[in-house]
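What follows is one structure encoded as structure tokens, with my remarks underneath.
We number each residue from 1, following the sequence as shown. As the structure is a computational prediction, the values presented were derived from the model and not from experiment.
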Amino acid sequence: DSQVLYGKTRDEKIQGMDIFRGLDLVQSIHNQCRLLMQNGYEKIASDIMEEMTLHQEAGLERLYRWTQSHCRNIDTSTELTALVIEAMQRLQDRPVLFKYVIDEYSTNRRSVLVKMFIEALTIGGNGSKPIEMHVTDPKRYIGDIFAWLHQAIHSERESLLILCRACDKNDISENINSALISITDGVCHTLRVRIDTVLNTVNDTIALYSIANLIRFYYNIITSMVKEGQLENCLMEVQQLSETFYLNSLTQKVREILSHHNELQQADLSPPPSVRKLLTMLKELLSVANMVEGRQQDITKIVNCVCDPLLQSITEQASHLPAIDMAVFFLNVLYEIIGVLAVFEFIDERMERLNGTCEAQIETLTSEQASSIVSHLNLGPIYSVLQSSDSKLDVHHLKMCTAKIDAFIECPQMLILPQVNLLQSSNHSSTVQKRAFNVIVAIYKQLYERIYSGDYEKPEQLLSKSPEEVQKMLVGR
């Protein structure tokens with residue numbers, strides 16, 4: 001047993017389980033010596049215990065050297081045998097030796113993993129083609145890289161758990177995580193170079209956004225296995241970099257599309273083709289964003305990146321138009337923007353602001369429409385008289401005005417501004433007309449009350465319809 005514990009030579013390989021039986025025997029003798037001490041044989045018991053301790057330390061030292069050497073040479077074809085697993089179980093009583101073995105194992109596996117990663121990228125393996133064969137398809141290329149890394153890291157973690165599965169005396173989760181950090185840190189440089197290359201060669205905004213989402217997805221998965229360390233920092237950096245790339249690309253694309261806003265104004269006051277092109281791109285991006293993790297933050301950033309410069313450009317372009325044309329043009333653009341955004345979540349604040357802008361433009365258009373109708377019906381002078389209780393309406397002028405009012409009531413569409421009919425939203429058009437008609441109804445009601453106040457003979461010949469009838473005919477309620 002002594003020879004088993006010490007070995008014939010310092011570097012003699014351990015072939016079987018004899019060394020463990022020897023360590024068990026030494027430990028058993030050591031424990032029995034405690035009984036001797038209790039029965040008065042303290043001197044002999046102490047001497048034997050000291051000798052057993054020396055044998056035990058020699059056995060553990062030999063076990064440590066052999067396990068460290070074995071772990072130093074573990075590659076893809078080497079299995080973790082029961083002998084190694086048992087050795088780790090014995091070494092857990094010596095935390096320093098246990099850590100040295102884990103460190104040696106991690107250093108070796110780090111080199112192996114880097115080699116495997118580069119081979120998977122460049123020459124393939126296990127029947128698979130090189131990942132770099134798909135470098136012309138950036139999304140698949142990045143996805144294949146991370147899928148390989150995820151599987152490799154999972155395998156490394158499983159191997160570590162197998163190596164230490166018999167270690168049940170202490171919590172070794174920190175040792176496992178530290179080892180996994182050390183093993184995976186080696187792939188950071190190669191991974192970063194590949195991702196940087198892809199991000200700098202892709203020009204399509206949607207492709208860049210898809211890549212950013214892939215990186216974010218695998219960041220969450222991989223960091224759930226490997227906490228902290230260089231790999232986590234690397235993944236965080238490339239995730240932030242990919243987000244910066246797609247947002248910069250989107251900003252550049254928006255700027256490029258809006259630079260075409262010097263095109264001729266559409267005769268029908270509809271949004272120019274460049275706006276529709278931009279909104280089509282926005283819809284495609286939001287459709288992708290709506291299906292990914294962390295979509296609330298993404299949707300907000302994308303909408304802000306597109307809508308803020310778009311609204312600024314539209315405001316500048318509309319400022320050169322007459323007030324009525326400007327309101328209609330603005331409403332048509334806003335109608336298309338709202339139509340794109342309405343089906344997506346997390347943009348309530350943006351929708352509220354857009355609807356508020358719509359309301360302001362509708363009020364402007366309503367005021368212009370109402371003023372136009374008042375002018376055509378010659379209600380301006382009458383309205384001025386109605387504001388003074390002392391003045392009396394000219395009957396001749398009143399008869400001419402009421403004739404126009406009757407004609408208007410029979411066919412209100414004849415006085416609708418041409419620009420109102422250019423509104424793309426039937427709801428906007430209906431709202432403007434109803435509000436403008438309500439202004440006319442309010443004036444008519446004041447006129448009706450003045451005519452029927454008793455100051456005029458035969459008022460029914462002047463105004464035959466009640467305000468309620470007029471309101472029903474114009475507004476429909």
Side-chain angles (χ1 to χ4, degrees), residues 204-210 212-213 216 243 246-247 249-251 253-258 260-261 265-266 268-318 321 324-366 369 419-436:
D204 183 70
T205 302
I206 296 178
L208 283 169
Y209 180 61
S210 298
N213 283 318
R216 178 192 299 159
E243 182 175 311
Y246 95 74
L247 286 176
S249 174
L250 179 57
T251 301
K253 193 69 175 178
V254 171
R255 188 181 297 117
E256 178 185 327
I257 293 174
L258 291 179
H260 298 301
H261 265 178
Q265 178 64 53
Q266 303 291 313
D268 59 357
L269 297 177
S270 63
S274 53
V275 172
R276 291 198 170 98
K277 182 178 180 181
L278 190 58
L279 292 178
T280 298
M281 182 183 71
L282 174 62
K283 186 175 181 179
E284 290 178 4
L285 271 172
L286 292 180
S287 296
V288 176
N290 202 40
M291 297 184 293
V292 301
E293 190 175 352
R295 61 185 182 276
Q296 180 173 358
Q297 185 178 12
D298 282 359
I299 287 175
T300 301
K301 287 181 179 179
I302 291 170
V303 169
N304 290 343
C305 195
V306 174
C307 288
D308 288 343
L310 172 58
L311 291 173
Q312 182 180 355
S313 177
I314 288 298
T315 301
E316 181 181 350
Q317 187 177 5
L321 298 173
I324 300 176
D325 291 1
M326 179 177 70
V328 172
F329 176 66
F330 229 124
L331 283 170
N332 285 340
V333 173
L334 291 171
Y335 173 68
E336 296 211 3
I337 295 175
I338 291 172
V340 169
L341 299 182
V343 298
F344 298 102
E345 299 178 288
F346 312 120
I347 50 175
D348 293 344
E349 183 181 350
R350 171 68 67 173
M351 290 293 285
E352 185 178 343
R353 280 155 46 194
L354 290 173
N355 286 323
T357 306
C358 281
E359 183 61 29
Q361 299 303 324
I362 287 174
E363 285 297 322
T364 298
L365 203 51
T366 298
Q369 177 64 82
Q419 293 94 327
V420 174
N421 290 322
L422 296 178
L423 287 169
Q424 293 184 355
S425 169
S426 58
N427 183 53
H428 288 166
S429 177
S430 174
T431 300
V432 170
Q433 292 183 44
K434 284 183 178 180
R435 291 183 183 181

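Here the side chains of Cys307 and Leu354 are not in contact, with every heavy-atom distance at 4.5 Å or above. A heavy-atom distance below 4.5 Å is found between the side chains of Leu311 and Ile337. Taking 4.5 Å as the limit, every side-chain heavy atom of Ser270 sits out of range of all side-chain heavy atoms of Tyr335. Between Leu250 and Met281 the shortest side-chain heavy-atom distance falls below 4.5 Å. Contact check for Tyr209 versus Asp298: side-chain heavy atoms found under the 4.5 Å cut-off. Residues Glu243 and Arg216 have side chains in contact (heavy-atom distance under 4.5 Å, counting atoms from C-beta outward). At a threshold of 4.5 Å between non-hydrogen side-chain atoms, the residues Val303 and Phe344 do not count as touching. A 4.5 Å side-chain heavy-atom check between Leu282 and Leu278 finds every atom pair outside the cut-off.
Judged by distance alone, with hydrogens and angles left aside, the side-chain atoms of Asn332 form no donor-acceptor pair with the main-chain N or O of Pro271 at under 3.5 Å.
Across all their heavy atoms, Cys358 and Leu331 have their closest contact at O-CD2, 3.6 Å.
The number of heavy-atom neighbours closer than 6.0 Å to CD of Glu363, taken from other residues, nucleotides and ligands shown, is above 12. Other residues, nucleotides and ligands place no more than 12 heavy atoms under 6.0 Å from the CD atom of Gln312.
With respect to Val333, the side-chain contact (heavy atoms from CB on, under 4.5 Å) criterion is satisfied by exactly one of Ile314, Thr315, Thr357: Ile314.
Atoms CD1 and OG, from Ile362 and Ser425 in turn, are 7.5 Å apart once rounded to the nearest 0.5 Å.
Contact check on Arg350 versus Asp308 returns a salt bridge, with a Lys/Arg side-chain nitrogen under 4.0 Å from an Asp/Glu carboxylate oxygen.
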Chi angles and distances behind the side-chain hydrogen bond (donor to acceptor under 3.5 Å, both in side chains) call for Gln433, Ser429: CA-CA 6 Å; Gln433 292 183 44; Ser429 177; 3.1 Å; yes
